[in-house]
Structures are given as structure tokens and as C-alpha cells.
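Below: one structure, written as C-alpha cells.
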Amino acid sequence: MFPEIDDLLRDAARAATAGDVEGVLDCFDFPAAAYFHGSVVVLPDRDTVRASAAIYLARLAGLGVADVEIGLAGSEAESARGRTILVHSHCLDADHREQFDTLSRLYLQAGPDGRARIAMVEVVSSTNPALFLAFGVRQPLSLVGLAARPGAPPTAVPGAGQALCSTTEPTE
């Protein structure tokens, strides 16, 4: 399944290097999710995620990242519905010196065109975790009610303890 994983990783790296928000979003199958240090962020659709992706890419550029390299570090599981892979991302400056790196687990599934797309990304480790704040990894929430309606912005769900989060602060 998904013989084009190398293409997906190459496209993601090219888009991140170029600061191409739409190219990065093309690598996802929405709705999607991100998991980072015990927090989950629902990524319901392209329009909702576009601003967060732009902030993330601007932060990369602001840190002097001139090149992003993403390589397959391992394949963990495969099923009829998808595949789980481990990738290592290296963010390099103009002199090709590593600024920081991230190890992530990607949960892939077939997008509308049948090609591999990212359904969920889990950041396993990063030497610069503050970058992911662009996606709202901050507020613990309850598991109940996190499913986003198509087209609806991610919202906080009152509750506690399940180490989930959203891109907005709770209103209660």
C-alpha cells in the first residue's frame, strides 16, 4: 500500500522549504489530527488549518531554516485502511547546518485521489517543540466533543484530564 510515500515526503519537504502553505496542506487528508506531548489538535479542514500552517512556516523561516529534509525512518504498521510510518525531519540553515530536528509518526490513508495523505501526525520528539504552538498545543481538554463538524473551526471542549487540546482557549 502507498508505493508513493517517498513522493509524499518529498512534496512535504519541498513545500515546507518553499514556505508553500497550500503545498503543505495538499499532503493532508482532512479532517486530520496532530498529537504532541499529550495534546491533540483537530485539523478539520484546509481553511481552518491554513493560518496555523502559515504561522508555522513563517517561524521556520524566522529561525533561518533554508531547507527541510524529511526521510523515512521506519514503517510500523499497515492495514487495509492505512499505514503508519516514522519520519525524521531535519531543518537546515543556508549553510546546510542543522538548526533542529523532529521525529514524527505519520498515520497515512488514501486521499480522494487514492494517493497517500497524512491523516494524523504525532510528534515523537523535537529539539524545538515551541514551533508547534502555532497549532494550538496548549489547553488540556476532555475527550468528549472533540469531533469537529466539517467546516467548523476547532473549539475547546470543557472538561479535564484527558490531555487533549484544541486551537482555541476554553470559553467557560
Side-chain angles (χ1 to χ4, degrees), residues 1-61 65 67-91 101-126 128-129 131-138 141 146-156 164-168:
M1 176 179 277
F2 304 134
E4 72 281 352
I5 287 175
D6 289 337
D7 294 339
L8 173 67
L9 299 180
R10 189 173 29 259
D11 291 348
R14 282 183 190 148
T17 296
D20 176 7
V21 173
E22 295 304 317
V24 169
L25 296 177
D26 287 344
C27 296
F28 285 84
D29 187 35
F30 294 99
Y35 179 82
F36 180 73
H37 285 279
S39 298
V40 171
V41 177
V42 176
L43 310 171
D45 57 52
R46 291 176 75 95
D47 292 336
T48 304
V49 178
R50 186 173 284 112
S52 295
I55 291 168
Y56 175 78
L57 294 175
R59 287 180 179 172
L60 287 181
V65 173
D67 189 20
V68 177
E69 295 178 354
I70 304 173
L72 185 64
S75 183
E76 297 183 336
E78 187 168 343
S79 71
R81 293 192 46 137
R83 186 170 181 183
T84 305
I85 63 172
L86 201 60
V87 298
H88 200 173
S89 304
H90 302 275
C91 293
D101 69 342
T102 301
L103 183 66
S104 302
R105 183 172 288 115
L106 303 181
Y107 300 85
L108 307 178
Q109 64 187 23
D113 60 0
R115 296 177 55 86
R117 296 288 182 262
I118 302 166
M120 182 170 170
V121 58
E122 174 187 357
V123 177
V124 177
S125 65
S126 178
N128 191 344
L131 279 172
F132 300 96
L133 293 176
F135 292 96
V137 177
R138 62 182 177 267
L141 301 171
L146 257 183
R149 296 177 319 278
T155 57
L164 298 176
C165 84
S166 130
T167 59
T168 59

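Just the heavy atoms: all of them, side chains too, but no hydrogens, waters or symmetry mates, feed the values below.
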For [X] versus [Y], what's the shortest heavy-atom pair and its separation?
{"X": "A110", "Y": "D29", "answer": "O-OD2, 3.6 Å"}
{"X": "E4", "Y": "G114", "answer": "OE2-O, 4.3 Å"}
{"X": "H90", "Y": "D101", "answer": "ND1-CB, 4.0 Å"}
{"X": "A16", "Y": "V24", "answer": "N-CG2, 4.0 Å"}
{"X": "G23", "Y": "A15", "answer": "C-CB, 3.5 Å"}
{"X": "L43", "Y": "A33", "answer": "CD1-C, 4.0 Å"}

Quiz item: Applying the side chain to side chain donor-acceptor pair (under 3.5 Å) test to Y107, which of E122, R81, E76 qualifies?
Solution: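 Filter result, single survivor: E122.
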Quiz item: Would V123 and Y35 count as a side-chain contact (heavy atoms from CB on, under 4.5 Å) if you check the C-alpha gap in whole Å, the side-chain angles of each, and the deciding distance to 0.1 Å?
Solution: CA-CA 6 Å; V123 177; Y35 179 82; over 6 Å; no
Does the side chain of [Y] come within less than 4.5 Å of [X]'s, by heavy atoms?
{"X": "D20", "Y": "R14", "value": "no"}
{"X": "L106", "Y": "L9", "value": "yes"}
{"X": "R46", "Y": "E22", "value": "yes"}

Practice problem: Name all residues meeting the salt bridge (Lys or Arg N to Asp or Glu O under 4.0 Å) criterion together with D67; count only those two or more places apart in sequence or in a different chain, and write none if there are none. | Solution: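 Testing D67 for salt bridge (Lys or Arg N to Asp or Glu O under 4.0 Å), a comparison that skips the adjacent residues, returns none.
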Quiz item: Given the rule in the side-chain contact (heavy atoms from CB on, under 4.5 Å) test, do V42 and T48 qualify, once you have shown the distances and angles that lead to the verdict?
Solution: CA-CA 10 Å; V42 176; T48 304; over 6 Å; no
Practice problem: Kindly determine whether L57 and L60 satisfy side-chain contact (heavy atoms from CB on, under 4.5 Å), including the steps that lead there. | Solution: CA-CA 5 Å; L57 294 175; L60 287 181; 4.0 Å; yes
Self-check item: Reported SG-to-CG distance for the pair C27 and D11, which is rounded to 0.5 angstrom
Solution: 5.5 Å
Quiz item: Roughly how far apart are L8 CG and R115 CZ, rounded to 0.5 Å?
Solution: 8.0 Å
Quiz prompt | By side chain to side chain contact (heavy atoms under 4.5 Å, CB included) - contacts of A119 (at least two apart) | solution = Q109
Quiz item: Name the one of I118, I85, V124, V121 that satisfies side-chain contact (heavy atoms from CB on, under 4.5 Å) with S104?
Solution: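 Exactly one pass, corresponding to V121.
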Quiz item: Below 4.0 angstrom, N of the basic side chain to O of the carboxylate: do R117 and D26 qualify?
Solution: no
Exercise. State whether the side chain of T17 and the backbone N or O of V68 hold a donor-acceptor pair below 3.5 Å, judged by distance alone.
Key: yes
Practice problem: Begin with the C-alpha distance, continue with both residues' side-chain angles, and end with the deciding distance and a verdict on side-chain contact (heavy atoms from CB on, under 4.5 Å) for V49 and D45. | Solution: CA-CA 6 Å; V49 178; D45 57 52; 5.8 Å; no
Exercise. Check the side chains of R105 and T84 for a donor-acceptor pair under 3.5 angstrom, ignoring hydrogens and angles.
Key: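 On atom types as modelled, these side chains do not qualify, holding no pair under 3.5 Å.
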Practice problem: List for me each residue that meets side chain to side chain donor-acceptor pair (under 3.5 Å) alongside S125, sequence neighbours excluded, and say none if there are none. | Solution: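 With neighbours one apart ignored, the set is empty.
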